[in-house]
Amino acid sequence: MIRIENMSVARQGITTLSDINLGFGEGGVTALIGPNGAGKSTLLHAMSGLLPLASGRVTIAGQDIARATAQVRARTVALLTQSEHVTARLTVADLVTFGRWPHHRGRPGPADHAAVAQALDLFALTDLAQRQIDRLSGGQRQRAFVAMAYAQGTPWMLLDEPLAALDPRHARDLMERLHALSRPGPRQRSVVIVVHDLNIAARYADRIVALKDGRIARTGPKVIALTSAMLSDLFDTRMAVDAVNGHPVVVPV
Amino acid sequence: MAERRLFALLGLLALLSALFLGWGLREPAGFILSLRAVKLAALLVVGAAIGAATVMFQTVAANRLLTPGIVGFDALFVFLQTGLVLLLGGAGFATLPDLAKFGAELLCMLLAGVALFGVMLRRGAEDVLRLVLTGVILGVFLRGLSGFAGRLLDPSEYSIVQQASFATFGTVDGTQLAIAAAVLAAALTGARLLAPALDAAALGRTTARAIGLPFDRIALLALVIVSACVAASTALVGPITFLGLLAASLAHAVLRTWRHALLIPGAAIIGASILVAGQFVFERLLGQQSTLAVIVGCVGGLLFLFLVLRKSRP
């Protein structure tokens, strides 16, 4: 379980997150939603232990993530960020193998190769394994980076807008895979994902954490959290929530 | 595949070295050969140091256009020369013991590099660009100071500074060369150990940290090695702007790999090959002296412009 207690984060003297108290249970998909600048990415980075906190602490399975070594942290939490600009000439297989870095430290062994093969298979990248990543389409590229995060073999996957710039088919495809991964089973991962598409959140998330102005606006299971009043207040624009096939559907009105 | 190309490059360097040593050899062959061997060793040390340093620097800076020379090392060297001539006078400068001058320059540049990189990284390692820009501005400042100091010198003293400001391989001292070679050997050993971490660092700071790489520590170590390489080569022969850019760009183009265990030796071999081939052509075939650094600067500058223009194309 990830527990955040009284957390505040300041960047260049400006408080971007304040008084965050949250708990993330294991398994399932948690969607972080909120307007631009609400602090979603900052929250994700702080949860991963990569961002110094102004106050409070983040514990994962009881361990303070700020006190963990880089290797222990990277074996606990996989973080996929938005700024994935890579200058090196990597193939998809190379990239995914880098996900195993906390385990092999630059010298991958048979267990790492097996984990990479599994990640490639799981994200339908086996046929593209030897393709250069700069020759991939946007959807394939994004899948490769998510596969890299998966190959890290951590119980937690924190993904910062992995659906950005994906068309509905690719976005849905990726979310189906992540959703399947978050279900109970030997490969189960707990997925926390920043999304802007509220219907994706409504369709695939189990829990919602809504952020506004660096504070928690609402949190809970999606059927309870996703209401017209909450969303209208969150985004300062009128929104209606309906239901299609048992899933909430969000429509601006 | 990349390994085979690396061996081919090594073979090319061996061939060029043999040509450099043996072409047009006359009596007294032993004496001429010993002179040529010292010059060849200097070319190899300088080319290898600058090539290896540039690949590492570009990885840490996440930019294939930057070289240590661009962030002010060359300017610092020229500033040191100008300052010494200004303080000691032309005659005083000329009577300075070579080894002491070399040692002091090496130490000064190493300390300046480590101080610049260390302070900047501690203040905000996420912004390597800020580090680089600080270096560039510092370089402009030092060039300005050197220019000002140059105006205070009389013409004969100024010509001493001018001479010391361009790389020359004709007057390399054996002891200095041995020290520079030892620094290079230590630096390359460090680079070899750091190579896997540099592979991960090439993913960018955030991603590298996310997979458990202590990026800031690795970047600082790499920059210390870069400082040592550039300081040793510049103190030995003087600045050769753009050699690093040529060597690193060619290493990436020829080896087509991301593995620093191959890229670093590859750039070192290419850097050395450029210098040996250039010196061979100018000295043996064209009978010219002291034009190599200018030509390398010119070709490297054109490559720099080409890379910038290619990048800026929509």
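Order of the sequence lines sets the chain letters (A, B, ...), proteins ahead of strands, with each chain counted from 1.
Between A/Trp101 and the options B/Thr207, B/Ile211, B/Leu203, a side-chain contact (heavy atoms from CB on, under 4.5 Å) holds for only B/Ile211.
Neither the backbone nor the side chain of A/Leu158 comes within contact range of chain B, judged by heavy atoms closer than 4.5 Å. Interface remark: B/Leu213 contributes backbone and side-chain atoms alike to the contact with chain A (heavy atom separation under 4.5 Å). Only the side chain of A/Arg107 comes within contact range of chain B, with heavy atoms under 4.5 Å apart. Neither the backbone nor the side chain of A/Val72 comes within less than 4.5 Å of any heavy atom in chain B.
Across A/Gly106 and B/Pro196, no two heavy atoms sit closer than the pair CA-CB, 4.1 Å. Listed here is the closest heavy atom pair of B/Arg209 and A/Arg73: O-NH2, 3.0 Å. Closest heavy-atom contact between B/Ala210 and A/Ala74: O-CB, 3.7 Å. Nearest heavy-atom pair, B/Thr206 versus A/Leu50, reported as atom, atom and distance to 0.1 Å: O-CD1, 4.2 Å.
For CZ of B/Arg217, the number of neighbouring non-hydrogen atoms (other residues, nucleotides, ligands) closer than 6.0 Å is 12 at most. Counted within 6.0 Å of CZ on B/Arg5, heavy atoms from surrounding residues, nucleotides or ligands total more than 12; the atom is thus considered enclosed. Residue-environment remark: CG (A/Asp134) exceeds the threshold of 12 foreign heavy atoms within 6.0 Å.
Note: A/Arg89 leads A/Gln71, A/Arg89, A/His45 in heavy-atom pairs under 4.5 Å with chain B.
Note that CG of A/Asp94 and CZ of B/Arg259 are 9.5 Å apart. Values are rounded to the nearest 0.5 Å.
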